[in-house]
Amino acid sequence: MSAKTVAKLPPIPRSTPPAVGPTITSRSPKPYQGLHGPTYQISQTRHPLPDPQSLKPFVDTKSGSLDTWPAHATAQATAKPSLPSQRRRSTPDSILAIQDAEGDPNTSVVPKPKFLENLEVFLKKELRNVNGGRGGPSDLRLQAYREVFEYLIEDFKTYKPLLSAIKNEYELMLAQQREQIRELEPLKSMLVTVSEQCDQKVMALREQERQEMVDLRMENRRLLEKIDGMKQEHGALQAQIEKLQDEVAAEYLKYRDECDARKLLVSDINDLKYQQEDYQKAQAGGNQEVEIKEDPVKLKIALKKAREDLTDATQRLNEMIANYGDVVPRRDFEALQANHNKLQEEMDTLKADHSQLMEEHDTLLEVNKQVLTQRDEFYQELESLKRSATPRPEWDRCAQVLEGGEERWNVIAQDKKSDELVGILLREIMGDGVGFEWFEPRGMGEDVPVYLRFEDIKIRDRKLSKSDALNVIREIWMEKSKMESEREEPSSNPEAMDTFVLRYMRQRYGDDKTVADQAYNLHDAIERFAPDDEQFALFKGVLNKELDEHIYYQQMELLAKLNDKLSEKDAAEGAEGKLTKGAFDEALREAFDVKEEENVAALVQAAEEELKAEGDDALLEYQLLFTEDEEGNSGPFLTKFRQQEKEEKAKYLDQIRKETGLEDEEEIPWGKLRMAINVIDAEIDKHHMLRYLAIAFDVEQDQLAQSTPQTIGNIMLRFQKAAIRRVGKLNSSELE
C-alpha cells in the first residue's frame with residue numbers, strides 16, 4: 001500500500017439508496033464462516049472479505065478511511081529548513097512542545113490523528129501538574145505515562161492482550177527492583193557501621209604508633225647526647241695522655257742526666273779512695289804506726305753529695321705532687337676506656353635495634369592493610385557460610401594415622417577445604433603426600449659439590465635429626481680413617497672428603513636415587529646444625545676443603561690419650577669406674593701437658609658441672625664425659641675441650657705472627673719462620689717443625705730448601721686450615 005492511497009471498505013449491498021451512515025436491516029446476521037465474501041484489490045493483490053450477511057449492524061458495517069499519518073506528511077506540507085547549528089537535542093517534552101507550536105512559522109503544519117493529539121494534550125497537562133514539567137524521573141511522571149499507555153491499550157482492541165502483557169511485565173520488574181532496593185538498605189547501613197569501626201581502629205593504631213615513634217625519637221636523642229658527652233670525655237682523656245707522655249719523656253731525660261752524673265761521681269770517689277790507700281801505704285812503709293781514721297775530705301764530699309741528693313729528691317717529689325696531683329692513674333684510664341668501648345658497642349646495638357624496629361614498623365603497617373582486607377573477605381565468607389555451611393568432619397582424627405603426626409597434619413591441613421583435605425588423604429594413600437618438602441637437584445655443574453651432582457631425581461627432605469646425622473658422620477669418619485690406615489704408604493694429600501663421601505654412599509646403598517636422598521639430607525643437616533655444633537662445623541669445613549681432616553684425627557688422639565690416662569688412674573684406685581677430683585685433675589695435666597692452669601681448671605669445672613659432683617669428696621664417673629644424649633648433643637666437658645682447642649690454636653698462630661713482626665702482605669723465608677716457631681714453641685721436635693714448614697710453604701718436606709718466600713697472610717691461612725697446635729709448653733724466654 002502506497003503512502004498516498006486511502007483504502008475504503010467496499011459498500012454492503014442494500015435495497016435502498018446508499019446513505020452516509022450504516023443502514024439497519026431486519027435480517028438476523030448469519031454466523032461467521034470465513035472470508036468467502038466480496039474481494040478488493042490493492043497494488044495487484046486481492047484481499048477477500050467476510051460475507052456481508054455475517055457482519056454485525058452498526059459495528060462491522062461502518063465504513064471509513066485508514067489514516068496513514070505521518071507517512072503522507074511530505075505530500076501535504078514542507079518544513080522550512082534550518083541551519084545545523086540551530087538544531088538542539090530533542091527530549092520527549094521538547095518534541096511535544098514543538099508539535100503543539102502551530103503558530104510558529106518555522107514548523108510544518110502536519111495534521112495528526114485526533115486520538116494522538118488528545119493523548120499528547122493529556123500527557124502535557126499531567127506533566128505540567130508534576131513540578132511544572134521540570135525535574136528528572138519520578139513515580140508521578142511514571143504514573144502519567146502509565147495512564148497514557150493504558151488509554152492507548154484500551155483503544156487498540158486488537159493489540160490489547162500483547163500490550164497489556166508487556167505493561168504487566170514492566171510493572172513486575174519495577175516491583176522486583178523496588179523490593180531489592182528495600183532489602184539492600186539494611187546492608188548499606190551495616191556497611192557504613194563497619195567502615196566507621198574500621199576507621200576508628202586504624203586511628204587508634206596510628207595514635208599508638210605515633211606515641212611509640214615519639215618515645216623512640218626521644219631515646220635516640222638521649223643516646224646521641226650521651227655519645228657526644230663520651231666523645232668529649234674521650235678527647236679530654238686523650239689530651240691528658242699526650243701531656244703525660246711529654247712529661248714522661250722529660251723525666252726520662254732528667255733520669256739519663258742524673259745517671260750519668262752519678263757514674264761520674266762514683267768514678268771521682270773511687271779515685272779519691274785509691275789516692276787515700278796509696279797515702280796510707282806510704283806511711284806504713286816508714287814503720288810508723290798511724291791510727292786509721294776516716295778521710296775528712298771524703299766525708300765532706302759524701303755529706304755534700306747526700307745533701308744535694310736530698311734537695312734534688314725533695315724538689316722532684318714536690319714537682320711530681322704538683323704536676324701529677326690531678327692525673328688519673330693508668331688503671332683508672334684503662335677502666336674508663338673499657339667502659340667507653342662497652343658504651344660504644346651498646347650504642348651500635350641500639351642503632352641496629354632502632355633500624356630493625358623501623359623496618360618492623362613499616363612491615364606491620366603493610367600487614368595491617370592486608371589484615372583489614374582479609375578481615376573484610378573473611379566476614380563476607382562467614383556470612384556466606386552461615387547461610388550454606390554444613391557440619392565439618394573431625395579431620396583432626398587423621399593426625400593419629402598419618403606420618404608426621406599432629407604437627408605435620410596441622411601444617412598440610414591449614415586453610416584447606418573439605419574437598420582439598422580429601423585430595424590430601426588420597427595422595428597420602430598413593431605415597432605422594434602433601435606437606436613433604438623436596439630438594440631440587442643441583443645438576444652436574446662444576447660449581448656443585450661432587451656428592452650432590454644429580455639430576456632428574458625426586459629427592460624428599462626427610463629433616464634428619466641431629467643424632468641420625470651424627471651417626472652418619474661418625475660412620476664416614478670411621479671408614480675414612482680405616483681407609484687411610486690401610487694404605488701402604490701414608491700420603492700427605494689423602495683423598496678429598498667430598499669424593500670419598502660419594503664413593504662410600506655408592507658402595508653402601510647402590511642405586512643413585514638412594515645415594516642422592518642420603519647425600520642431600522646429610523648436606524641439609526650439616527647446614528642446619530653446623531652453626532651451633534663443633535662436630536658438624538668441623539665436618540663441614542673438611543667437606544668443603546676449608547679444613548684439614550687431620551684436625552679430627554688430632555682431637556680423637558687427644559681424647560684417646562685422656563681416656564687412657566683416666567683408665568690408668570682408675571686401675572690404680574681399684575677399677576671402679578670412678579675417680580676423685582684430685583686424680584681426675586692429675587690425669588688431665590698428664591694428658592694435656594701443654595695446657596695452661598686456667599684451662600685445666602675450666603675442664604675440671606665443666607666435668608663437675610656435667611656429672612653434678614658437689615663437694616670435695618665426690619667421685620667422678622669419667623666414662624660419662626665421653627657420651628652424648630639422645631639428640632646427639634655433647635656434654636659441657638667435650639664442648640669446653642673443643643672450644644679450648646680452637647682458642648689455643650688461634651693464640652698459638654697469633655704468637656707466631658707477632659714474633660715475625662710482619663704484616664699480611666710481607667713475605668718471609670722458611671728459615672725466618674722456623675726461627676719464629678722455635679722462639680714461640682721452644683720444645684717443638686724436628687718432625688713437627690718440618691711438617692709445619694711444609695704446610696706453610698705448600699711443598700714437600702724434602703723440598704723446603706728450594707721453596708720461595710711466602711706472605712705471612714697466606715701462611716696463616718694455611719695454618720688455620722691445618723692440624724696445628726703447640727707441641728711444648730715453654731717458649732725461649734722461659735728456658736733462660
Side-chain angles (χ1 to χ4, degrees), residues 213-262 309-359 596-599 601-602 643-644 646-666 676 679-680 712-713 716 720 731 733-734:
M213 290 294 295
V214 171
D215 295 339
L216 289 174
R217 290 193 184 97
M218 293 178 63
E219 181 68 17
N220 188 21
R221 191 179 299 109
R222 183 183 66 80
L223 292 175
L224 290 175
E225 293 175 355
K226 188 174 181 180
I227 291 169
D228 294 337
M230 293 180 67
K231 287 182 178 178
Q232 295 177 1
E233 184 178 358
H234 180 268
L237 292 174
Q238 189 68 28
Q240 291 182 4
I241 292 171
E242 294 175 355
K243 179 180 177 182
L244 289 175
Q245 290 176 348
D246 296 338
E247 292 177 353
V248 168
E251 290 298 327
Y252 180 73
L253 292 176
K254 291 181 181 180
Y255 165 75
R256 293 290 301 273
D257 295 340
E258 291 293 333
C259 184
D260 295 339
R262 181 177 178 277
D309 292 341
L310 177 62
T311 303
D312 189 21
T314 304
Q315 183 179 359
R316 290 177 61 187
L317 179 61
N318 293 331
E319 289 179 356
M320 293 290 290
I321 293 174
N323 294 333
Y324 300 100
D326 298 332
V327 176
V328 179
R330 184 175 185 84
R331 59 179 178 274
D332 296 340
F333 169 73
E334 292 177 351
L336 290 174
Q337 189 175 14
N339 189 21
H340 169 71
N341 295 333
K342 180 179 179 182
L343 292 175
Q344 184 71 23
E345 293 176 357
E346 292 179 356
M347 184 194 68
D348 296 338
T349 304
L350 290 174
K351 283 184 177 179
D353 294 341
H354 179 262
S355 301
Q356 184 178 2
L357 286 174
M358 292 297 296
E359 294 177 358
E596 299 178 355
E597 293 291 332
E598 54 267 25
N599 289 343
Q643 181 181 358
Q644 287 184 2
K646 291 182 64 176
E647 293 174 355
E648 290 171 359
K649 178 180 178 181
K651 182 178 179 181
Y652 182 59
L653 297 181
D654 187 63
Q655 290 175 351
I656 295 175
R657 178 196 292 269
K658 290 182 179 178
E659 184 61 29
T660 59
L662 301 177
E663 299 295 335
D664 290 343
E665 296 79 12
E666 296 181 289
V679 171
I680 298 302
I712 193 67
M716 289 297 108
Q720 289 174 1
N731 55 30
S733 62
E734 295 173 336

When you compare the side chain of Leu244 with that of Glu247, does any pair of heavy atoms fall below 4.5 Å? yes
Check Ala602 against Gln644 and note the closest heavy-atom contact, atom names and distance. CB-NE2, 3.6 Å
If we only count heavy atoms from C-beta on, is the Lys231 to His340 side-chain gap below 4.5 Å? no
Under the rule for side-chain hydrogen bond (donor to acceptor under 3.5 Å, both in side chains), what residues qualify as partners of Glu647, not counting sequence neighbours? Gln643
Thr349 side, atom OG1; Gln344 side, atom CD - distance, nearest 0.5 Å: 10.0 Å
Could you state the interatomic distance from CE (Met716) to CZ (Arg657), rounded to the nearest 0.5 Å? 6.0 Å
Here the gap from Asp215 atom CG to Glu219 atom CD, rounded to the nearest 0.5 Å, amounts to 9.0 Å
Measure the shortest side-chain to side-chain distance between Leu336 and Glu233 over non-hydrogen atoms and say whether it is less than 4.5 angstrom. yes
Of all the heavy-atom pairs spanning Thr660 and Ala676, show the shortest one and how long it is. CG2-CB, 3.8 Å
With sequence neighbours left out, the residues meeting salt bridge (charged side-chain N to carboxylate O under 4.0 Å, His left out) with Lys651 are Glu596
Working note: Lys658 + Asp654, criterion salt bridge (charged side-chain N to carboxylate O under 4.0 Å, His left out); need CA distance, chi angles, decisive distance, verdict. CA-CA 6 Å; Lys658 290 182 179 178; Asp654 187 63; 3.4 Å; yes
Heavy-atom neighbours of Glu598 CD exceed 12 at 6.0 Å: yes
With no hydrogens and no angle check, is any side-chain donor or acceptor of Asn220 less than 3.5 Å from a backbone partner on Leu216? no
Asn341 side chain to Gln337 backbone, donor-acceptor under 3.5 Å: yes
d(Lys351 NZ, Asp348 CG) to nearest 0.5 Å is 6.5 Å
Where Met230 and Asn339 come nearest, the two heavy atoms and their spacing: CE-O, 4.4 Å
Run Met213 and Met358 through side chain to side chain contact (heavy atoms under 4.5 Å, CB included) and show every step you take. CA-CA 9 Å; Met213 290 294 295; Met358 292 297 296; 3.8 Å; yes
Separation between CD of Gln240 and NZ of Lys243, rounded to the nearest 0.5 Å: 8.0 Å
Between NZ on residue Lys254 and CD on residue Glu319, distance to nearest 0.5 Å: 4.5 Å
Check whether any side-chain heavy atom of Gln655 sits under 4.5 Å from a side-chain heavy atom of Val679, and report yes or no. no
Residues Glu334 and Arg330 bridged, charged N to O under 4.0 Å: yes
